[in-house]
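All ligand and atom numbering here is 1-based and tracks the order in the structure.
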Amino acid sequence: MATLEPQRDVPLAPLTTLELGGPARYFVRAADRETLVAAFRWASDAGQRVALIGGGSNLIVPDEGFDGLVVHVGLSEVAFEPDGTVVAGAGVPWELVVDGAVTRSLAGLECLTGIPGSTGATPIQNVGAYGQEVAEVIESVTVLDRATLAFEDRSPADCDFGYRDSLFKREPEHYVVCAVRFKLRPGGAATIRYDELQKRVAPEASLGDVRSAVLDLRRAKSMVIDPDDPNRRSAGSFFLNPVVAPADRDRIIALSVSEGWAPNAESVPQYPMPTGEAKLAAAWLIERSGIHKGLRKGAFGVSDKHALALVHHGGGTTAELLRFAEEIQSRVTDRFGINLEREPRLLL
Ligand code: EPU
């Protein structure tokens with residue numbers, strides 16, 4: 001195999017949806033597994049750290065860039081089987097997988113339409129939206145072990161999936177997600193579980209109808225990347241929805257009602273988790289902390305369609321974005337006594 005020759009000083013901002021941050025000292029695009037392994041060998045010989053990037057839609061690049069080798073994962077084979085098995089390389093654009101599934105009447109991904117980024121990112125943060133999570137339909141994940149440079153298949157039980165969480169997210173130095181095998185339901189019914197969706201489609205709606213309804217909902221929240229949308233430079237939800245103990249949920253509900261931020265307890269959005277905890281809506285808490293949709297501070301702002309998306313209006317720096325995010329976090333902490341955790345990954 002030809003020797004790997006990484007490019008030098010490659011700007012990373014254009015590879016991210018936030019369009020922020022500095023260059024990679026070294027850069028390689030790995031379109032196949034051999035190149036991926038060669039990239040890790042090269043970095044080890046050259047004494048360079050390695051960072052991975054995929055679709056760049058959930059990524060914050062520091063202003064100083066990355067002082068090491070950035071590997072852009074481009075593994076792009078995809079296959080759909082009539083029995084509902086779908087195998088997709090980590091670099092396959094996610095929407096292509098959703099589209100292929102819906103047009104072949106394979107149920108299980110129809111609510112996960114309109115999400116930017118690549119397939120490899122979906123198990124890492126257990127992507128979920130409108131009542132579905134990828135973990136529900138993942139059969140296995142093929143990973144490269146960064147220490148041994150061997151490929152292995154991991155079952156869902158070995159991925160330790162949680163709300164926007166997995167083993168791969170917690171141990172980024174350990175694994176590279178290379179491919180995902182999904183088991184979908186041929187001819188199966190669409191998932192119509194999410195409240196907003198139930199209000200929009202009939203109970204027997206087709207996969208295609210549900211997909212269109214989700215796309216409409218996402219567009220209305222500027223959560224579909226559209227070149228003409230002034231809110232387009234974002235990383236989707238900037239904070240996780242906080243998962244709190246029942247006592248904290250009750251305290252926050254009581255406070256919100258007594259302060260007049262909510263007309264009654266039922267109107268405070270909260271969802272029970274299987275653990276007995278409660279998931280609160282970060283967007284709601286942000287707004288009740290006095291931060292309004294459309295708020296603007298220099299080059300950054302809160303999306304005017306959804307309080308959870310921070311938007312880069314152009315010409316800003318990552319340091320400014322992180323400061324802006326910290327201001328929002330401290331407003332929410334001051335008011336509600338809970339910390340919002342950042343959702344997009346910082347490339348360190
Ligand atoms: N809300 C507000 N203000 C807003 C927006 C929403 O108060 O500006 C309230 C809504 O009224 C609702 C609640 O917050 O009661 C939840 O809002 P929404 O249904 O829009 O969902 P979310 O919890 O804010 C999560 C995911 C999204 C996903 C949607 C739909 C996280 C961090 N975000 O958002 O995922 O699309 O549910 O399932 O879990 C992403 O991760 O980047 C992302 C967009």
Side-chain angles (χ1 to χ4, degrees), residues 16-18 55-60 94-95 98 109-117 121-122 124-136 161-166 169 191-200 210-211 213-225 229 231-244 249 252-253 256 261-271 273 278-295 301-311 325 328-329 332 335-336 340-345:
T16 69
T17 54
L18 276 165
S57 56
N58 202 45
L59 183 69
I60 304 170
W94 175 244
E95 194 62 12
V98 175
L109 299 176
E110 60 283 356
C111 299
L112 300 177
T113 185
I115 297 173
T122 62
I124 298 175
Q125 55 158 331
N126 185 13
V127 159
Y130 298 98
Q132 287 179 335
E133 268 184 1
V134 281
E136 295 163 19
F161 290 119
Y163 161 60
R164 285 293 192 282
D165 198 24
S166 73
K169 183 170 168 180
T191 304
I192 309 173
R193 222 181 270 156
Y194 206 72
D195 202 34
E196 281 183 308
L197 206 51
Q198 284 176 347
K199 287 185 190 137
R200 282 185 168 235
V210 168
R211 181 189 183 196
V214 169
L215 277 175
D216 289 347
L217 281 168
R218 292 189 71 98
R219 275 202 197 93
K221 300 179 190 184
S222 289
M223 291 285 187
V224 177
I225 293 183
D229 186 337
N231 293 309
R232 75 180 183 284
R233 284 195 210 89
S234 91
S237 300
F238 200 87
F239 302 105
L240 290 168
N241 284 329
V243 175
V244 302
R249 172 202 55 203
I252 285 166
I253 292 176
S256 302
W261 303 325
N264 50 47
E266 293 67 47
S267 62
V268 179
Q270 56 112 354
Y271 318 91
M273 297 290 280
K279 185 158 81 177
L280 304 177
W284 192 92
L285 298 168
I286 290 171
E287 290 203 88
R288 269 73 195 172
S289 302
I291 292 155
H292 301 292
K293 291 197 267 274
L295 170 84
V302 174
S303 161
D304 59 15
K305 304 275 183 48
H306 200 293
L308 207 43
L310 303 192
V311 175
I328 296 174
Q329 284 164 310
V332 172
R335 183 148 284 194
F336 291 104
L340 292 185
E341 213 181 298
R342 191 184 59 233
E343 203 236 6
R345 175 171 68 104

Handout entry: side chain to side chain contact (heavy atoms under 4.5 Å, CB included) between S234 and T17, intermediate numbers included
Key = CA-CA 6 Å; S234 91; T17 54; 5.9 Å; no
Practice task
Could you list the atoms of ligand 1 found under 4.0 angstrom from a heavy atom of G236?
Solution key: 42 (O)
Practice task
Starting from atom 8 (O) of ligand 1, locate the nearest protein heavy atom and write down its residue, its atom name and how far away it is, to 0.1 Å.
Solution key: A307 N, 2.8 Å
Completion exercise
Heavy atoms of V268 and A262 approach each other most closely as CG2-CB, 3.7 Å
Exercise for the section: Select the closest option to atom 29 (C) of ligand 1 among F239, F238, Y194, judged by heavy-atom distance. Expected result: Y194
Exercise for the section: Please could you name the atoms of ligand 1 that R288 approaches to less than 4.0 Å, counting only its heavy atoms? Expected result: 7 (O)
Handout entry: Contact summary for L197 and A213, nearest pair of heavy atoms
Key = CD1-CB, 3.9 Å
Problem - Nitrogen or oxygen atoms of K221 and ligand 1 under 3.5 Å apart - result: yes
Fill in the blank from the handout: d(L308 CG, K293 NZ) to nearest 0.5 Å is 11.0 Å
Problem - Min heavy-atom dist Y271 to ligand 1 below 4.0 Å - result: yes
Practice task
Determine whether any heavy atom of Q125 lies closer than 4.0 Å to an atom of ligand 1.
Solution key: no
Exercise for the section: Look at atom 11 (O) of ligand 1 and say whether a protein heavy atom is found at less than 4.0 angstrom from it. Expected result: no
Exercise for the section: Note the single closest protein heavy atom to atom 14 (O) of ligand 1, along with its residue, its atom name and the distance in Å. Expected result: A281 CB, 3.3 Å
Exercise for the section: Could you check atom 44 (C) of ligand 1 against the protein and tell me its nearest heavy-atom contact, residue, atom and distance included? Expected result: S237 OG, 3.3 Å
Exercise for the section: Report the nearest protein non-hydrogen atom to atom 23 (O) of ligand 1: residue, atom name, distance rounded to 0.1 Å. Expected result: N241 ND2, 2.8 Å
Practice task
Assess whether side-chain hydrogen bond (donor to acceptor under 3.5 Å, both in side chains) is satisfied between E341 and Q329, documenting all intermediate values.
Solution key: CA-CA 8 Å; E341 213 181 298; Q329 284 164 310; over 6 Å; no
Exercise for the section: Would you mind checking which non-hydrogen protein atom is closest to atom 38 (O) of ligand 1, with the distance to 0.1 Å? Expected result: Y130 N, 2.7 Å
Completion exercise
Honestly, for Q270 the part within reach of ligand 1 (heavy atoms, under 4.0 Å) is neither
Exercise for the section: Could you tell me the residue and atom name of the protein heavy atom closest to atom 9 (C) of ligand 1, and the distance to it rounded to 0.1 Å? Expected result: W284 CB, 4.2 Å
Problem - Residue and atom name of the nearest protein heavy atom (relative to atom 4 (C) of ligand 1), distance in Å to one decimal - result: E287 OE2, 3.4 Å
Problem - Shortest heavy-atom approach to atom 15 (O) of ligand 1 - which of A283, C111, P269 - result: P269
Problem - Any R218 heavy atom less than 4.0 Å from ligand 1 - result: yes
Problem - Atoms of ligand 1, numbered as shown, that sit under 4.0 Å from any heavy atom of A129 - result: 28 (C), 36 (O), 38 (O)
Practice task
Under the side chain to side chain contact (heavy atoms under 4.5 Å, CB included) rule, what do T191 and V210 come out as? Steps first, then yes or no, please.
Solution key: CA-CA 8 Å; T191 304; V210 168; over 6 Å; no
Completion exercise
So the atoms of ligand 1 within less than 4.0 Å of a heavy atom of L308 turn out to be 24 (O)
Practice task
Show your reasoning for whether side chain to side chain contact (heavy atoms under 4.5 Å, CB included) applies to H306 and N231.
Solution key: CA-CA 10 Å; H306 200 293; N231 293 309; over 6 Å; no
Handout entry: Contact atoms of ligand 1, heavy-atom distance to Y163 under 4.0 Å
Key = 31 (C), 32 (C), 39 (O)
Practice task
Compute whether any side-chain donor of one residue and acceptor of the other, for N126 and S166, lie under 3.5 angstrom apart.
Solution key: no
Problem - Distance-only side-chain donor-acceptor flag, E343 / S237, under 3.5 Å - result: no
Problem - Geometric class of the Y130/Y194 ring pair [parallel <30°, tilted 30-60°, perpendicular >60°] - result: perpendicular
Problem - R193/E136 ion pair, N-O < 4.0 Å - result: yes
Handout entry: Distance filter under 4.0 Å to E196 heavy atoms, resulting ligand 1 atoms
Key = 19 (O)
Exercise for the section: If you have a sec, work out which protein heavy atom is nearest atom 26 (C) of ligand 1 and how many Å separate them, to one decimal? Expected result: R164 NH2, 3.4 Å
Practice task
Determine, step by step, whether I286 and F239 satisfy the side chain to side chain contact (heavy atoms under 4.5 Å, CB included) criterion, reporting the C-alpha distance in whole Å, the side-chain angles of both residues, the deciding distance to 0.1 Å, and the verdict.
Solution key: CA-CA 10 Å; I286 290 171; F239 302 105; 3.9 Å; yes
Handout entry: Check against side-chain hydrogen bond (donor to acceptor under 3.5 Å, both in side chains), T113 and R211
Key = CA-CA 6 Å; T113 185; R211 181 189 183 196; 3.1 Å; yes
